[in-house]
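What follows is a short report on a single structure.
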Protein chains: 2
Amino acid sequence: MHSLHPVFVPQSVAVVGASSDPDRIGGRLLRFLIESGFAGAVYPVNRSGAAEIQGLPAFASVSAIPGSIDQAVIVVPEAGVEAALRDSIAKGVRCVLVLTSGFAEIGPEGRAQQDRLAAMCRAAGVRMLGPNSLGLLNVDTRYFATFSTVLYGLQPKPGTISLATQSGAFGSCAYGMATQRGLGLSKIIATGNEADIDVAECIDYLAEDPQTQVICAALESCRDGNRLRAALLKAAAAGKPVLVMKVGRTEAGAAAATTHTGALAGNDAIFDTVFAECGAWRPQSIEEMLDIAYFCTVTGRLPDDAGIGVVTGSGGIGVLMADHASEQGLTLPPLHDDGVAATRALLPFAVAANPLDMTAQVTSVPDGIPRTIEIMLSHVDCGTVIAYLAHMGLAPKRFEATRDRLAELRGQHPGKGIVLVMLSVAEANEGLEAVGIPVFADPSRAVLAVAAAARMADRRRHLWQAAPAPAAPAPADRDPLGDVATEVAAKRVLAAAGIPSLPERLCATADEAVAVAEVMGFPVVAKIASPDIQHKTEIGGVILRIEDAEGLRQAFATLLSRAADRAPRARLQGVLVTPMAGSGIETILGVHVDPTFGPMIMYGAGGTAVELYRDVAFASAPVSSGQARRLLDRVRSTALLRSWRGAPAADEAALVDAICSLSAFAMRHAEAIDSVDINPLLVRRQGVACLDAVITPRRAGEA
Amino acid sequence: MHSLHPVFVPQSVAVVGASSDPDRIGGRLLRFLIESGFAGAVYPVNRSGAAEIQGLPAFASVSAIPGSIDQAVIVVPEAGVEAALRDSIAKGVRCVLVLTSGFAEIGPEGRAQQDRLAAMCRAAGVRMLGPNSLGLLNVDTRYFATFSTVLYGLQPKPGTISLATQSGAFGSCAYGMATQRGLGLSKIIATGNEADIDVAECIDYLAEDPQTQVICAALESCRDGNRLRAALLKAAAAGKPVLVMKVGRTEAGAAAATTHTGALAGNDAIFDTVFAECGAWRPQSIEEMLDIAYFCTVTGRLPDDAGIGVVTGSGGIGVLMADHASEQGLTLPPLHDDGVAATRALLPFAVAANPLDMTAQVTSVPDGIPRTIEIMLSHVDCGTVIAYLAHMGLAPKRFEATRDRLAELRGQHPGKGIVLVMLSVAEANEGLEAVGIPVFADPSRAVLAVAAAARMADRRRHLWQAAPAPAAPAPADRDPLGDVATEVAAKRVLAAAGIPSLPERLCATADEAVAVAEVMGFPVVAKIASPDIQHKTEIGGVILRIEDAEGLRQAFATLLSRAADRAPRARLQGVLVTPMAGSGIETILGVHVDPTFGPMIMYGAGGTAVELYRDVAFASAPVSSGQARRLLDRVRSTALLRSWRGAPAADEAALVDAICSLSAFAMRHAEAIDSVDINPLLVRRQGVACLDAVITPRRAGEA
């Protein structure tokens, strides 16, 4: 049994801080619990010693309740929480829900108090939700442990969508929007300050929960990246779509996040990467999240592919949907010749293509709409057919025959999805949803939901594999990092790890440089060498294409004088001499050891494009060669490697090898480094060459 | 009086093809017209000679109707349209609505027939809507001239939003979605095949129409770009927001557009540019269009600036809104110190910042919410305050006091907008909308609507100015273009127009080349010269950095042999010798003479970025220097010109001059050219240099 089972499915519950006054938090919560029809035992607890609260026998403490208690819900003011917790632990509860606020979210003192509560629970083997949690709702068992006033206005409808969220306000908002549009829910939980239970663990629970088919989640931060990854992968393995919002996305948003929670928001691009690698989808808005959840819960599956067939009664909306489809990565495969012939036989005026425009003629042909949809299902290589039916759903009686034929089609084509777009009333929609056909009013939202589901399905065909023991590398693998303080040292370390550099020599005098260059062969490159100068080009510290000895002597002098001018405090080691690299494509390759998610590999466009266009992508280490190739595909400038405008192709295989080598290096040294920047990595017709590298060791105290 | 007045506001109407059977098109239209309560005279016309149809006296022809007739609505089958039109013209109608389909949309024969109808109307001075139009709705006068069955399910609510659309399906869909959410409408028109009246002219009409406050429009194509520009600018001058959707956006969408209409979809980026220059907004979806229309019609104004103040009762949603705001170009200016103090005095636990998190404490402070909103209105430099109020609108009675205080605040701060985000029932919303406060359920949609309105306001501060006579340049300005067949000739023409090149010489022999280079000074560049080779680099036709005479002789031979190999049919003129350009930033500058919108200037990143990242922007010619500077601001790589990473700044003023010179050139030669490509234009520390140019003359027959 999952360790969160007693949290979601208690048999007996003590409400500590229960009140007779439903305007007070403890009174409202008790009232919801009583009115919900929860079948378990509910015991109001109040220090006042009242014998009865809201018609139930009441107790002065949890310990005073006869029999065993699974769960204590604590809603007393902050000053009384610790005593209530001690009392609950003494009684032997398996978990506590601390809904009281005034802890880590208000500052260091509150955080210390919260840490004490967490330590008490840990020591006693008791699980804790919160503090500062809005509680939870188990719609299946009618267990409503929340004081959110949204329950006054909107009662939940049972269903298969569950939601785990840090922010209670986010939870109320999503709950309200879902319920107002009639979506069925199973479980909703707000984790608040996450002193113990976090959203990741809730996803892990919901992945096992038989009533949950679709998991929605919202994070502001994440304290254990690998736990989140594992939970997402478990949900993917269980075939359950996960729609996870990460708020605090942009700089302005992140500023709000730090004033709001005690936790720092993680790096946004890293979250994007991890969600994608673990088969989840990141909606942009609550409404988008609910649209996709609706699609998934009604169809019960993800599309087999990114192909769609579009049927409309008029071209305008077909064009609009085709626009959105291609923006969102969907394709419109052609209608096969058989399908063209069948369409012409049925509707001579129709545009027999994909999108298929039935024209107004369809209204005069018996069963014209389902017969056209059947043609698309049979004669277009697509996982989903989307049909725009204008406002037919406003007349549900007249629509019944069509609905019944569509239900038959759905049964005859179990591997394909049918989605309708039309204005309609709830009655028409319910009949369709019951047979697995979702209905959207806005054409654009329908396409977006299908596209998200199709892309999620694609992600699930390429899930990231955790390394056997990513958190704790075996001691044998922890070879010392060695000296990485200079460019020369960093390149030597990377060369040993399998990422080659060009030959180079550190020269103390101009004579030495000339002697070295004559052996290497001109033209050469000269660079200033100093552990204190990381961005050499910015001080003019690199001189390219030096053709002869005289030029090199001049360059040597120029570099020393520029360094003296522009970086007067830098310790100089001399001048690095290296051959001209020759032609190739400049890329950037790096490692970022994320405090939450561990070592991440970054690959991107070289030169100015990395900053101007953010043309980079990340992948969690370890990176397999297949994953390295997909990483390349996510960067636009990779096109430059692939016979761009007739140029010879660059050595992509060597680049993939370099990525895998860097990934292995990052795994070995994840504890010792903060980052690696190989910039540029030159990808040549044969092989790659690291032309410059910086390795930043982990600063002390940042383990 | 506007020439479309008789179209929208007829006094007397003949329905040609009227039927007693409301299942038939002509019957349904007549029924809607009768039931709508239209106060004008309605005359059913049917060849059958029936004396009465649906209770009205009927006539066998329009001519047979006594008295004058403003408008004929023609719904007879296609074969009878011409006769019906002739009859209507003979009667002296001022306009006809041809709702019958089967014209240009079905092929060349239908187009010819449509052209005949249009010619008949033109000759008679009669305006025509359609053919293949779904008709129009004037909600103010209750004139419903359509057979769309959407009227069975949804009756329009009067209001100030009007819609002009080419596609009838699009119109029905938008009408239905607007009506279902309770938006009030004024006029809706579907232009269909646009043989005469087009969407642009309808926008022009609506810009004058006193009942219309917000104009929505949808285009698949546009036949007269300057008419569209003029209409959009007129609406901007009238202070009316224009929300215009252009479908057929992407390649897949455009393919659908060509199968659908007789018209070709225009270039998407050009439409984007023209809409922005003329102060309109292009929504991505119908729902987004309606959200913005709702915001504008309720607030009655556009925001004064892009600043917003965000108030929430809990951080999570505040972070989400801040994320969206910064993605959408809104800013969250800080809360002034006075505001921080006022917030602390009111709500000690609140996060006194922007976003302002009131925390649950607000529920225990009388008028806590309006007082907090007042603090934001008074102490944040922002045009709009957005308040997230959870689900307060679900209890409209309890919300009344807050609503009344908000109404007062709205009156006290007439220059600022207030937007609420909450779950609510219609009753709560109506009370707020009546005082100018829009209400959204989804936080993301609220932010998007405010952002769109704020950006539209910004566009209206920088409207494009048409040239005195853009369509017909005075003959004196039409100096001949001259020879532009080769790179040398094109650069010479552009230099005369004010866009400088480097010195260069066309050399027939290697000896000549060496002699030229010795005068210019090495290093030099050698390029193959041929009117048949436009993309020289792709065949290896450019050799850079030639250091001496020997190198130049080799280069000469190499170029000739490569040309012989790779472009064996090209007529060779010799080799062009030019000095090395030295350092600078490569950009691309061009002209595209759009068939719809005339000469457009393109500026963008040089090198591979133009193709990889589409880092280019367009501006309609003529371009003023202010507009040229804003054009630069719309391209990311312009950052490279501006002391990028400590590099010296490039000569932006010279680039602006070059853009203005090219604009003047494009205006002078708009009739003679298709395009100009200056690639690269090198922007140096002082001045610019055109390093290569191609001018494509207009092909014969494409006037």
Side-chain angles (χ1 to χ4, degrees), chain A residues 149-150 152-154 167-170 172-173 176-177 180 220 247-253 256-257 259-261 284-287 312-320 322-323 325-327 332 351 353 355 357 390-391 394-395 423 441-442 444-445 538 608-609 612-613 636-637 639-640 645-646, chain B residues 149-150 152-154 167-170 172-173 176-177 180 220 247-253 256-257 259-261 284-287 312-320 322-323 325-327 332 351 353 355 357 390-391 394-395 423 441-442 444-445 538 608-609 612-613 636-637 639-640 645-646:
Chain A
T149 51
V150 74
Y152 281 134
L154 294 165
S167 156
F170 188 98
S172 289
C173 185
M177 288 174 66
Q180 218 171 26
E220 290 170 40
V247 297
R249 196 180 181 88
T250 57
E251 280 173 55
T259 56
H260 171 54
T261 69
Q284 302 298 303
S285 69
I286 298 175
E287 190 167 76
T312 71
S314 175
I317 301 289
V319 179
L320 180 68
D323 281 356
S326 93
E327 282 160 12
L332 278 79
V351 178
D357 180 356
H391 40 271
L394 295 177
L423 295 177
D442 183 43
S444 307
R445 281 168 62 182
E538 288 186 7
T608 54
L612 281 179
Y613 308 109
R636 289 198 197 173
S637 66
L640 298 176
R645 292 179 148 263
Chain B
T149 53
V150 74
Y152 280 134
L154 294 165
S167 156
F170 188 99
S172 291
C173 186
M177 287 174 67
Q180 219 171 23
E220 290 169 42
V247 298
R249 195 179 182 88
T250 58
E251 279 173 55
T259 56
H260 171 56
T261 68
Q284 303 298 303
S285 69
I286 298 174
E287 191 168 74
T312 71
S314 174
I317 301 291
V319 178
L320 179 68
D323 281 355
S326 92
E327 282 159 14
L332 278 78
V351 178
D357 179 356
H391 40 269
L394 295 178
L423 295 178
D442 183 43
S444 308
R445 281 167 63 184
E538 288 185 9
T608 54
L612 281 179
Y613 308 109
R636 288 198 196 173
S637 65
L640 298 177
R645 291 180 149 260

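In what follows, every chain begins at residue 1, and chains take the letters A, B, ... in the order their sequences are listed.
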Quick check on B:Thr149 against chain A: is it the side chain, the backbone, both or neither that has a heavy atom closer than 4.5 Å?
both
Residue among A:Gly313, A:Ser637, A:Ala325 with most heavy-atom pairs under 4.5 Å to chain B
A:Ser637
Residues at least two apart in sequence or cross-chain that pass side chain to side chain contact (heavy atoms under 4.5 Å, CB included) with A:Ala395, listed by chain then number, are A:Arg398
Assert top hit (heavy-atom pairs under 4.5 Å, partner chain B, pool A:Gly153, A:Ala441, A:Ala390, A:Ser285) equals A:Ser285
Closest heavy-atom pair and its distance - B:Leu154, B:Gly176:
CD1-O, 3.6 Å
Side chain to side chain contact (heavy atoms under 4.5 Å, CB included) against A:Ala169, all qualifying residues, sequence neighbours excluded
A:Ser167, B:Ser314, B:Ile317
For chain A, which candidate among B:Phe170, B:Tyr152, B:Tyr613 shows the most heavy-atom pairs at distances under 4.5 Å?
B:Tyr613
Tell me, do B:Leu320 and B:Ser444 make a side-chain contact under 4.5 Å, heavy atoms counted?
yes
Which residue out of A:Ala639, A:Cys173, A:Ser172 racks up the most heavy-atom pairs below 4.5 Å with chain B?
A:Cys173
Smallest separation among heavy atoms of A:Leu332 and A:Pro355, with atom names
CD2-CD, 3.5 Å
When the 4.5 angstrom heavy-atom criterion is applied to A:Gln180 and chain B, the contacting part is side chain
